[in-house]
Chemist: 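I have a structure here, written as structure tokens, and I will follow up with some questions on it.
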2 protein chains.
Amino acid sequence: MPVDDPIARLLKAFNDIQNLSPEVEYQFAELCKKIEVKKHQNLQSIGQTCRTIYFVNEGAARIYYYKEDKDVTEYFAFENDLIIRAESLFTGKPSHKAIQTLKDTSFIAIPAPPLFELFDQYHDLERLFRKLLEKSYVETINRLESLQFQTAEERYQTLMTKSPVVVREIPLKHIASYLGITQVSLSRIRATIT
Amino acid sequence: MPVDDPIARLLKAFNDIQNLSPEVEYQFAELCKKIEVKKHQNLQSIGQTCRTIYFVNEGAARIYYYKEDKDVTEYFAFENDLIIRAESLFTGKPSHKAIQTLKDTSFIAIPAPPLFELFDQYHDLERLFRKLLEKSYVETINRLESLQFQTAEERYQTLMTKSPVVVREIPLKHIASYLGITQVSLSRIRATIT
DNA sequence: CTATTCCTTTTACAAATGTTAAATAATCAG
DNA sequence: CTGATTATTTAACATTTGTAAAAGGAATAG
């Protein structure tokens, strides 16, 4: 495999989290499919049940949904980030959320059912995904904490510190809804802190 | 084991999620310790690194922390609910959160390091905890969604529907901070919808 | 290059929520 | 049972955030 092969790169990132045997790596790589999506396209659409796990190889994407006709961004994903519609994937119910690219993006797509079957044979692979889940869970708890008792300005400051790439590259309207405020409000905040 | 043995009861709930062999059940039960805590006591305190996984056997508890001297409730747990300080447990860092009982409560305590060691031997046990983690993760995402773009009144209505036991049994000040508002605000909301 | 579209800011006003303090109501310990 | 403590509500006012509309900037397609 070439060094810049995206699947090889993903496996390298995985091995930092959980050591995988060459056999598991091979079986896992067999499931992976590289997907190229142009900017502003939906990778998965609302109403569909999620059965695929994605990693961003290059580019950026978001999970969003509509709350009373308003576009709300729930999550941003950049290189090597996992992007899944967790509720739908784990419960088997249709998702009211969609995944959309923010620029031309290449993903690695892993169909969940055969992946979950591999878990039976390869304990380490299941452990890897348990650890990825732990990481996502902790991140979500931290965001919850931030939404629960920080002011909008504090949340924006936190985002600028923790994810400067978001503030640099993502349209403000998406950042606003991600922070749980309107874009007008975010503009005001930016005006006062600059 | 008697039918009302709390560990037996927990194992029964576990088997509904993931089938466990008698051997795993035995090994797991060996780790469990029953803990009785009086009302309003801290089970785990702020600053300590979390290395224990708890289940509520009977009673109720909350996870809370201080945000600028204000007591903020992050999570409520009732019978059969898992209660862990996830960030600390999964990262090994000291927690800025504490666990406190809301009434006289009995817990089942499971020390995490030996549990994680059992995962090496018993694949099914790791899978059980992966599934429990999935469930907690989905719940947290749903709460995030609620905090991100629902009004305080909508969040209170949702809570009354989804967890009437919380509204019935928990002091309003804890519910208010759980919803991300002040108790004054919650009182106002209650006055308008009654 | 230009026109169009989309993004961001600004303004003025409305609504929701926070703050502080006081008044009730409920609970608890002795 | 009673006084003390704790919980909840109410009030008045301040602050934050939302809404709608308009104006200015930036990006994009042809």
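The basis for the numbers below is simple: all heavy atoms, side chains too, and nothing from hydrogens, waters or symmetry mates. Sequence lines set the chain letters: A, B, ... in the order given, protein chains first and strands last, and positions in each chain run from 1.
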Chemist: Taking the six-membered ring for Trp, are the ring centroids of B:Phe28 and B:Tyr122 within less than 6.0 Å of each other?
Modeler: no

Chemist: Please state how far atom CD in B:Glu169 lies from atom P in D:dA7, giving the value in whole angstrom units.
Modeler: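 The distance from CD of B:Glu169 to P of D:dA7 comes to 16 Å, rounded to the nearest Å.
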
Chemist: NA contact type, A:Arg188, heavy-atom cut-off 4.0 Å: base, sugar-phosphate, or nothing?
Modeler: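 Since a base atom lies under 4.0 Å of A:Arg188, the category is base.
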
Chemist: Are a donor atom and an acceptor atom from the side chains of A:Thr91 and A:Glu87 found within less than 3.5 Å of each other?
Modeler: no

Chemist: Heavy-atom contacts under 4.0 Å between residues 172-187 of chain A and DNA chain D, which residues?
Modeler: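 Within residues 172-187 of chain A, the residues near DNA chain D are A:Gly180, A:Ile181, A:Thr182, A:Val184, A:Ser185.
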
Chemist: Under 4.0 Å between a side-chain nitrogen and a carboxylate oxygen: does that hold for B:Arg130 and B:Glu134?
Modeler: yes

Chemist: Please identify the 5'-most and 3'-most nucleotides of DNA chain C with any atom under 4.0 angstrom from a heavy atom of chain B.
Modeler: C:dT17 to C:dC28

Chemist: In terms of ring plane angle, is the pair A:Phe107 and A:Tyr54 parallel, tilted or perpendicular, where the classes change at 30° and 60°?
Modeler: perpendicular

Chemist: Is there a side-chain contact between A:Val138 and A:Asn142 in this structure, where contact means two heavy atoms from C-beta onward sitting under 4.5 Å apart?
Modeler: yes

Chemist: If a protein heavy atom is under 4.0 Å from the base, mark B; if only from the sugar-phosphate, S; if neither, -; do that for nucleotides 24-30 of chain D going 5' to 3'.
Modeler: ----S--

Chemist: Would you say that A:Asn19 contacts A:Asp124 through its side chain, given a criterion of any heavy-atom pair below 4.5 Å between the two side chains?
Modeler: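 Not touching, per the 4.5 Å side-chain cut-off.
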
Chemist: In plain terms, say whether B:Lys34 and B:Glu36 are close enough for a salt bridge, that is, a side-chain N and a carboxylate O under 4.0 Å apart.
Modeler: yes

Chemist: Quick one: does B:Thr52's side chain have a donor or acceptor within less than 3.5 Å of a partner on B:Pro111's backbone?
Modeler: no

Chemist: Please determine if B:Lys67 and A:Glu154 form a salt bridge, counting it only when a charged side-chain N lies under 4.0 Å from a carboxylate O.
Modeler: yes

Chemist: Between B:Lys38 and B:Asp104, is there a salt bridge with N-O shorter than 4.0 Å?
Modeler: yes

Chemist: Taking C-beta and beyond as the side chain, do B:Leu128 and B:Ile17 meet within less than 4.5 Å on heavy atoms?
Modeler: yes

Chemist: Is A:Arg127 paired with B:Asp120 through a side-chain N to carboxylate O contact shorter than 4.0 Å?
Modeler: yes

Chemist: Hey, are A:Glu145 and B:Lys97 close enough for a salt bridge, meaning a charged N less than 4.0 Å from a carboxylate O?
Modeler: yes

Chemist: Within residues 156-165 of chain B, find the residues that approach DNA chain D with a heavy atom at under 4.0 Å, and present them sorted by residue number.
Modeler: none

Chemist: Rounded to the Å, how far apart are B:His40 NE2 and D:dT6 P?
Modeler: 11 Å

Chemist: So how far off straight is the helix from C:dC1-D:dG30 to C:dG30-D:dC1, going by the axes through five pairs at either end, to 10°?
Modeler: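 It comes to 60° between the two terminal axes.
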
Chemist: Using the six-membered ring wherever Trp is involved, compare the ring planes of B:Phe119 and B:Phe116 and label them parallel, tilted or perpendicular (cut-offs 30° and 60°).
Modeler: tilted

Chemist: Rounded to whole Å, please give me the gap between CZ in B:Arg190 and P in D:dA7.
Modeler: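 These atoms are roughly 14 Å apart.
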
Chemist: Rounded to the Å, how far apart are A:Arg155 CZ and D:dT17 C1'?
Modeler: 10 Å

Chemist: Among residues two or more places apart or on two chains, list those pairs meeting ring-ring contact (aromatic ring centres under 6.0 Å, His included) that have a residue in residues 143-194 of chain B.
Modeler: B:Phe76-B:Tyr178

